[in-house]
There are 2 protein chains.
Amino acid sequence: MINPWAMKMEQFTRFTPHERARLDALLVGRQRSHAVHADIIAEGAHSDHCHVLLSGIACRYTILPDGERQIMAFLVPGDLCDAEIFVLKRMDHAIGALAPCTTAMIPAGEMKTLLREVSRVSEALWWGTMTDLAVLRERIVDHGRRDATERLAHLLYEMLLRYRMVGQTDGETFDFAITQTDLADATGLTPTHVNRVLQRFREEGLIALRSRRLTVVDPPRLMRIGRFSANYLHLERTLSGDPAVRDRVGDLIDYPAVDYPIDARQGELR
Amino acid sequence: MINPWAMKMEQFTRFTPHERARLDALLVGRQRSHAVHADIIAEGAHSDHCHVLLSGIACRYTILPDGERQIMAFLVPGDLCDAEIFVLKRMDHAIGALAPCTTAMIPAGEMKTLLREVSRVSEALWWGTMTDLAVLRERIVDHGRRDATERLAHLLYEMLLRYRMVGQTDGETFDFAITQTDLADATGLTPTHVNRVLQRFREEGLIALRSRRLTVVDPPRLMRIGRFSANYLHLERTLSGDPAVRDRVGDLIDYPAVDYPIDARQGELR
DNA sequence: CGCGCCTTTGACAGTTTTCAAAAGACGTGG
DNA sequence: CCACGTCTTTTGAAAACTGTCAAAGGCGCG
């Protein structure tokens, strides 16, 4: 059985066969599918179940008073949607499906039991939360100090890496159902501008994107253009861990460090 | 003894006198002071101590390869600087003092014991982490969908609220040692532009800022201009809790909801 | 085959950035 | 108590990413 949730945690820890079986069992018979554009969890909702995304792609978002949507994070298979239910009364944002998705709904009680009994899972949850924080901080860097080109390059590269972690890529190609409007709402740009930048990427032979499949043709250059550094994802244990797990992402995060030229910002891609 | 850390957690939970005494005891004899511009924790560092900010103001930041600094969050008294040390090998960002600060360094071992033995603290830590996530998400909304004026108004209002939570304000006045350059690095604007916006705020009688003390002269309007809604801070327990705790922030978060006009963005303040 | 959603294109407007440079503030040492 | 260097705040004018507003072109799907 494919269990992206366990696969993600394996980037941090190593489960015994018994633990792994328990994680798998937790998902059985609790699957639910969600249509595109449906809310997996509504803003203001309170549930006594945790939602784990198993397939598809979703986002955390909020609608501002003037009707604009801001996407605050993308969720890929393996991501936990609502760790906050353990302590907060209600969701302060919504989780929306950007493509048809399936989730597993785990009763909060069972999750708490699991966390109490299997310390490795409890640590992995903590690791996942700390990584979520780091990803959000990185997004702030994107918005604050990177221009449109860098921002999109950085985001695309991160997505490739995150899909790789849970084994849902075919080399440098993966399902990419995110529309340019979604990207705009996530990056704080306009769809128009996102379009212009992506076209440029294609012209330059950096990526290929057709019928919702994205291929990163030139990963090292995309990484360079996005000024991407993987350290914020905290995969240090990955590189020294199980070879099978390491190989899922290894080649994407150990490009030699590059000294970025201080000049050459706008216009020319690097 | 003033214990902003406990005061912050009291926004979420209610400690017994014994628990409170234990929290106080943990800080005794572990204070350390930090000069302006000094790193409280360096990027890449690993420590076996947790750092709690007790006074002053600090920030999470990182320096990009081209030398630019991005501030990802401000830390006010009561905030925990490095919850990640429990699971991550090294800090992926630094904590810097923006004014003279004092911190308490708590050995990780003692912290873990505390978390194991006092479930209310453990829950409060989880709440604090979820709130940190929410604050970061709100910052992303700032960057993505709010212009310079809204962004700064929002930030100033949030700071007032957070200082209030830990009892370090005098009405609507509080220490504000953050320079305009700091604000620029946090908001993703240039110091020049920050300056122009702040001047506008002063002209309009919204705020008064002199000799590092900030007074919010017209809180409701500042809230409106920043399109501020307190729900992301998850103070729902505050409003229904201990009156003494509630009164610290109560008047700032229950202004009547306003229907924002869809027009009137740039130029005119609301 | 037709509708609906997503992607492209264009021209123009406009916050924000750049790049300097001057004026204030503040703390220290003489 | 004043000189003096340093850091912060102000100001100006011009450049420029990115946004706005429409409208047309593609593509998938029932």
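Just so we're on the same page: letters track the sequence lines, and every chain starts at 1. Computed from a prediction, not measured in an experiment: that's the story for all the values here. What you see below is based on every heavy atom in this structure, not just the backbone, and it leaves out hydrogens, waters and symmetry mates.
Using a 4.0 Å heavy-atom cutoff across all strands shown, A:Arg212 reaches sugar-phosphate atoms only and no base atom. When heavy atoms are screened at a 4.0 angstrom cut-off, B:Arg202 is found touching the sugar-phosphate backbone but no base atom.
In this structure, A:Ile207 places its CD1 atom 12 Å from P of C:dT7, rounding to the nearest Å. Atom CG of B:Asn195 is separated from atom C1' of C:dA22 by 13 Å (rounded to the nearest Å). The nearest whole Å value for the distance from the CD atom in A:Gln199 to the P atom in C:dT7 is 11 Å. The CG-C1' distance, from B:Asp147 to C:dA13, rounds to 16 Å in whole Å. When the C1' atom of C:dC19 is taken as reference, atom NE2 of B:His193 falls 16 Å away, rounded to whole Å. Rounded to whole Å, the distance from CZ on B:Arg200 to P on D:dT11 is 14 Å. In this structure, the CD atom of B:Glu68 is 14 Å from the C1' atom of C:dT16, given to the nearest Å. Between B:Phe201 atom CZ and D:dT9 atom P there is a gap of 16 Å when expressed in whole angstrom units.
Shown here are the ring pair (Phe, Tyr, Trp, His ring centres under 6.0 Å) partners of B:Phe74, two or more places apart in sequence or in another chain: there are none. Under the salt bridge (Lys or Arg N to Asp or Glu O under 4.0 Å) criterion, A:Arg137 pairs with B:Glu84, B:Asp92, sequence neighbours left out. Applying the side-chain contact (heavy atoms from CB on, under 4.5 Å) criterion to B:Val135, with sequence neighbours excluded, gives B:Thr131, B:Arg139, B:Glu158, B:Tyr232, B:Leu233. Checked against side-chain contact (heavy atoms from CB on, under 4.5 Å), A:Ser33 has the following partners two or more places apart in sequence or in another chain: A:Thr102. Looking at residues two or more places apart in sequence or on another chain, you find a side-chain contact (heavy atoms from CB on, under 4.5 Å) between A:Gln180 and A:Val194, A:Asn195, A:Leu198, A:Arg202. Partners of A:Asp182 according to the salt bridge (Lys or Arg N to Asp or Glu O under 4.0 Å) rule, which considers only residues two or more places apart in sequence or in another chain, are A:Arg69. Considering only residues two or more places apart in sequence or on other chains, A:Tyr163 meets the ring pair (Phe, Tyr, Trp, His ring centres under 6.0 Å) condition with A:Phe174.
The side-chain heavy atoms of B:Asp142 and B:Thr187, taken from C-beta on, include no pair separated by under 4.5 Å.
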Next item on the list: Would you give a per-nucleotide map of nucleotides 21-30 of chain D, 5' to 3', where B means the base has a protein non-hydrogen atom under 4.0 Å away, S means only the sugar-phosphate does, and - means neither?
Entry: B---------
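Contact check of residues 176-191 of chain A against DNA chain D (heavy atom, cut-off under 4.0 Å) returns A:Gly188, A:Leu189, A:Thr190.
Within the helix from C:dC1-D:dG30 to C:dG30-D:dC1, the inter-axis angle between the opening and closing five-pair segments is 40°, rounded to 10°.
Using a cutoff of 4.0 Å between basic side-chain nitrogens and carboxylate oxygens, A:Arg146 and B:Glu68 are not scored as salt-bridged.
Among residues at least two apart or in separate chains, salt bridge (charged side-chain N to carboxylate O under 4.0 Å, His left out) pairs with a member in residues 165-177 of chain A are A:Arg164-A:Glu172, A:Asp175-A:Arg213. Counting only residues at least two apart or in different chains, salt bridge (charged side-chain N to carboxylate O under 4.0 Å, His left out) contacts with residues 52-62 of chain B are absent.
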